[in-house]
Amino acid sequence: MNHNLRRLLLLEFWIPVLICLCIIILYENDLLLSGNWHENKMDEYYAAIVMELVTICLIPLSLRLFKFHGVKRSVQSSWESLRKWGSVRMLMLTLPMLVNCWLYYQFMNVAFGYMGIIGLLSLCFIYPSKTRCDQETAGTTVENVEDDKK
């Protein structure tokens, strides 16, 4: 197991969660003004539709990403592929979570808050533990790792 790879995936996991926590603290303590876009009902409607579609589509896709034959074969062939596909999967969950968190405070619409919470809960299923990283790279051999270094 490449420890730098796991460290990178852990950073990609925790940094967006901490950013969301900072957003929540800043808005809840009135250090940032919430409800700036509350009057724009059409913008709120379009943003809600887009974020609902993005959230509904990306969560199952990200959770099943490593089950796709091409991705699974690629990840098992090298740790570099795990870095790439693991980062893609992490972004597929964290980016909508961050946007939903921010949009909640812009529109004060609980739908965005619920979608952000769903994104956070979905992150629990892809936590980059050592065991998970080892399982996902089960086919990686020493020769493949040495090829990655070249």
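Note that the numbering runs from 1 along the sequence shown for the chain.
One hydrophobic cluster holds both Tyr127 and Ile118 under the rule that ILVMFWY side chains link at heavy-atom gaps under 4.5 Å. Linking Ile, Leu, Val, Met, Phe, Trp and Tyr whenever their side-chain heavy atoms come within less than 4.5 Å puts Val99 and Leu32 in one cluster. Note on Ile25: it does not cluster hydrophobically with Tyr27, by side-chain heavy-atom contacts below 4.5 Å among ILVMFWY residues. Transitive grouping of hydrophobic side chains (ILVMFWY, heavy atoms separated by less than 4.5 Å) keeps Val50 and Ile56 in distinct clusters. In the hydrophobic clustering of this structure, Ile15 does not group with Leu21; members are Ile, Leu, Val, Met, Phe, Trp, Tyr whose side-chain heavy atoms approach within less than 4.5 Å, directly or through other members.
The shortest side-chain heavy-atom distance between Gln106 and Ser34 does not fall under the 4.5 Å cut-off. Counting heavy atoms from C-beta outward, Cys101 and Ile24 have side chains that approach closer than 4.5 Å. Thr94 has its side chain out of reach of Glu12: every pair of non-hydrogen atoms, C-beta onward, lies at least 4.5 Å apart. Inter-residue side-chain proximity for Leu93 and Leu58 is flagged as unmet; no heavy-atom pair is nearer than 4.5 Å. Side-chain atoms of Leu120 and Val17, non-hydrogen and from C-beta on, do get closer than 4.5 Å to each other. No side-chain heavy atom of Leu5 sits less than 4.5 Å from a side-chain heavy atom of Glu80. Looking at Phe107 and Glu44, their side chains come closer than 4.5 Å, going by heavy atoms from C-beta outward. Side-chain contact between Thr55 and Met97: absent, with no pair of heavy atoms (C-beta onward) separated by less than 4.5 Å.
Other residues, nucleotides and ligands place no more than 12 heavy atoms under 6.0 Å from the OH atom of Tyr45. Heavy-atom neighbours of Lys41 NZ from other residues, nucleotides or ligands within 6.0 Å: above the threshold of 12.
Note that CG of Asp43 and NE2 of His38 are 13.0 Å apart. Values are rounded to the nearest 0.5 Å. Distance check, rounded to the nearest 0.5 Å: OH of Tyr114 to CG of Asn109 gives 10.0 Å. Within the model, atoms OG of Ser87 and CG of Leu82 stand 8.5 Å from one another, a figure rounded to the nearest 0.5 Å. Summarising the geometry, atom CE belonging to Met92 is positioned 3.5 Å from atom CG belonging to Leu61; distances are rounded to the nearest 0.5 Å. The distance from the CZ atom of Phe13 to the CG atom of Leu18 is 10.0 Å, given to the nearest 0.5 Å.
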Could you walk me through whether Met115 and Met51 pass the side-chain contact (heavy atoms from CB on, under 4.5 Å) test, one step at a time? CA-CA 8 Å; Met115 288 186 287; Met51 290 312 297; 4.0 Å; yes
Check step by step if side-chain contact (heavy atoms from CB on, under 4.5 Å) holds for Leu98 and Cys20. CA-CA 6 Å; Leu98 284 166; Cys20 280; 3.4 Å; yes
Walk me through whether Tyr105 and Leu26 qualify under side-chain contact (heavy atoms from CB on, under 4.5 Å). CA-CA 10 Å; Tyr105 285 105; Leu26 290 172; over 6 Å; no
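Between the side chain of Asn29 and the backbone N or O of Leu31, no donor-acceptor pair lies under 3.5 Å. With hydrogens and angles disregarded, a donor-acceptor distance shorter than 3.5 Å links the side chain of Arg132 to the backbone of Phe125.
Remark: Arg89 qualifies as a cation-pi partner of Phe66 under the 6.0 Å distance and 45° angle criteria applied to the six-membered ring.
For Pro128 against Leu10, the heavy-atom pair with the smallest separation is CG-CD2, 3.7 Å. For Met90 against Leu9, the heavy-atom pair with the smallest separation is CE-O, 3.7 Å.
Note: Trp102 and Trp37 meet the aromatic proximity criterion, with ring centroids under 6.0 Å apart. Aromatic ring centres of Tyr104 and Phe112: separated by at least 6.0 Å.
Remark: the Ser78 side chain and the Ser81 side chain contain an N/O donor-acceptor pair separated by less than 3.5 Å.
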